[in-house]
Asker: 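Take this structure first; my questions come after.
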Amino acid sequence: MPELPEVETVCRGLSKKLLKLNVLKVKVFNKKLRYNISKNIEKCLIHNKIKAIIRRGKNGIIVFSGKYNLHFHLGMTGKFLITTPNYKKKKHDHLLIRFDENLVLIYNDVRKFGYLELIKKPLDIVSFRGIGIEPFLCKSFEKELFLKICKKERSIKDILLDQNYICGIGNIYASEILYRSKISPFKLGKNLCENDFNNLLNSVEYILNKAIKKGGSSIKNYKNIDEQLGYFQVEFKVYNKEGMACHQCDNLIAKKKQSGRSTFFCKDCQPIN
DNA sequence: CCATTGACCTGAGCGC
DNA sequence: TGCGCTCAGGTCAATG
């Protein structure tokens, strides 16, 4: 579910409430997520303080005072909730961490595509899991990215979704970014001209920034840690807008399956040539 | 090495 | 009311 703007919003929310707090208890309700939650999680985190919360692409890292950090990925339906010790466990709650100051952190994930893993320090946030360039740094790596992408026989949308080029973009923002860039989602990497590429990197920053400012997008069930909704979905120009009028021409927004996922675009405004 | 497909898992919404 | 089907914000292993 969550792409970079949603993960960023979650990280900021967690920072606001949990920074400097001390872990009193860790309880695993169900360890079977995408990867199993470590049996040692309580041992590794208890009496540690939260020092920072960092985002890298769609990943979050809770930095603790001890030997381990906690890396999380929310998959499609992962959510954190901050609540109090009298909280009643709900369906699909998988982990609970109790802190001092009477606060409790819950990880809930319906589809269990997310995960929580302990990672040993020191944290090399730059080469983290070998993922690609942070979107807000991508202009400094423009040449490098262009050289990589301009050889590819893959569609530009597939490339945007591949976290090894630019990280943090998912299915919603890929469509929105390509619409603003006036590039067909089906255009191949090798066919992008420099002008396309400039527009693309521009829109990557613009769209993601704007979405962060709105607290991300809530289309089904995404919520921030205090159950607040994001509001970027009202700004969608193409995602879920099949059959609606294009904002820039008389055409209707089209929807097509691409690599097994829905793509939304305007045929006229986003030429393939 | 590169590109494509299906698997992982649960729930919502739709047509019948 | 219920069944069966498709779809959903993401990755990753297996295949050609």
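The shown structure was predicted, so the numbers you read here are calculated from the model rather than taken from an experiment. The sequence lines fix the lettering, A, B, ..., with proteins before strands; numbering per chain opens at 1.
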Asker: With sequence neighbours excluded, what pairs up with Lys187(A) under the salt bridge (charged side-chain N to carboxylate O under 4.0 Å, His left out) test?
Answerer: Asp196(A)
Asker: Quick one: side-chain hydrogen bond (donor to acceptor under 3.5 Å, both in side chains) partners of Thr83(A), sequence neighbours excluded?
Answerer: none
Asker: Roughly how many Å is it from CG in Leu161(A) to P in dA3(B), rounded to a whole number?
Answerer: 14 Å
Asker: Taking side-chain contact (heavy atoms from CB on, under 4.5 Å) as the definition, give me every residue that meets it alongside Arg98(A), ordered by chain and number, with sequence neighbours left out.
Answerer: Leu24(A), Lys25(A), Pro85(A), Leu96(A), Val104(A)
Asker: Going by the side-chain hydrogen bond (donor to acceptor under 3.5 Å, both in side chains) test, which pairs reach into residues 41-52 of chain A, not counting sequence neighbours?
Answerer: none
Asker: Calculate the interatomic distance between Glu117(A) atom CD and dT11(C) atom P; express it in whole Å.
Answerer: 14 Å
Asker: Test your reading of the model: is there a side-chain donor-acceptor pair from Glu176(A) to the backbone of Lys237(A), 3.5 Å cut-off?
Answerer: yes
Asker: Return the value, rounded to whole Å, for the distance between atom CZ of Phe80(A) and atom P of dG9(C).
Answerer: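 Whole-Å distance recorded here is 21 Å.
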Asker: Do any pairs count as a ring pair (Phe, Tyr, Trp, His ring centres under 6.0 Å) and have a residue in residues 246-273 of chain A, sequence neighbours left out, and if so which ones?
Answerer: Phe186(A)-Phe265(A), Tyr239(A)-Phe264(A)
Asker: Would you say Phe113(A) stacks on dC9(B), if stacking means ring centres under 5.5 Å apart and planes within less than 30 degrees?
Answerer: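 Base of dC9(B): not stacked against Phe113(A).
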Asker: Please output the side-chain donor-acceptor pairs of residues 266-273 of chain A that fall under 3.5 Å, not counting sequence neighbours, one pair per line with the distance.
Answerer:
{"from": "Asp268(A)", "atom 1": "OD1", "to": "Asn251(A)", "atom 2": "ND2", "distance (Å)": "3.1"}
{"from": "Asp268(A)", "atom 1": "OD2", "to": "Asn251(A)", "atom 2": "ND2", "distance (Å)": "2.9"}
{"from": "Gln270(A)", "atom 1": "OE1", "to": "Cys266(A)", "atom 2": "N", "distance (Å)": "2.8"}
{"from": "Gln270(A)", "atom 1": "NE2", "to": "Leu178(A)", "atom 2": "O", "distance (Å)": "3.2"}
{"from": "Gln270(A)", "atom 1": "NE2", "to": "Ile183(A)", "atom 2": "O", "distance (Å)": "2.9"}

Asker: Which ones in residues 145-156 of chain A lie close to DNA chain B, meaning a heavy atom under 4.0 Å from one of its atoms?
Answerer: Lys152(A), Glu153(A), Arg154(A)
Asker: Looking at residues at least two apart in the chain, or sitting in another chain, which of them share a side-chain contact (heavy atoms from CB on, under 4.5 Å) with Lys182(A)?
Answerer: Gln248(A)
Asker: Not counting sequence neighbours, which residues clear salt bridge (charged side-chain N to carboxylate O under 4.0 Å, His left out) with Lys27(A)? List them please.
Answerer: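 Listed in chain order: nothing, the list is empty.
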Asker: Dot-bracket notation for DNA chain B is requested: 5' to 3', Watson-Crick or G-U wobble pairs only, both distances under 3.5 Å, with ( ), [ ], | and . as defined.
Answerer: .|||||||.|||||||
Asker: Could you name each residue pair satisfying ring pair (Phe, Tyr, Trp, His ring centres under 6.0 Å) that touches residues 146-185 of chain A, not counting sequence neighbours?
Answerer: Phe146(A)-Phe197(A), Tyr173(A)-Phe232(A)
Asker: Are any protein N/O atoms closer than 3.5 Å to N/O atoms in nucleotides 10-13 of chain B? If there are, list each pair with its distance.
Answerer:
{"from": "dT10(B)", "atom 1": "OP1", "to": "Lys112(A)", "atom 2": "NZ", "distance (Å)": "3.0"}
{"from": "dT10(B)", "atom 1": "O3'", "to": "His92(A)", "atom 2": "NE2", "distance (Å)": "3.4"}
{"from": "dG11(B)", "atom 1": "OP1", "to": "Lys91(A)", "atom 2": "NZ", "distance (Å)": "3.1"}
{"from": "dG11(B)", "atom 1": "OP1", "to": "His92(A)", "atom 2": "NE2", "distance (Å)": "2.9"}

Asker: Measure the distance from CG on Asp158(A) to P on dT11(C) and round it to the nearest whole Å.
Answerer: 13 Å
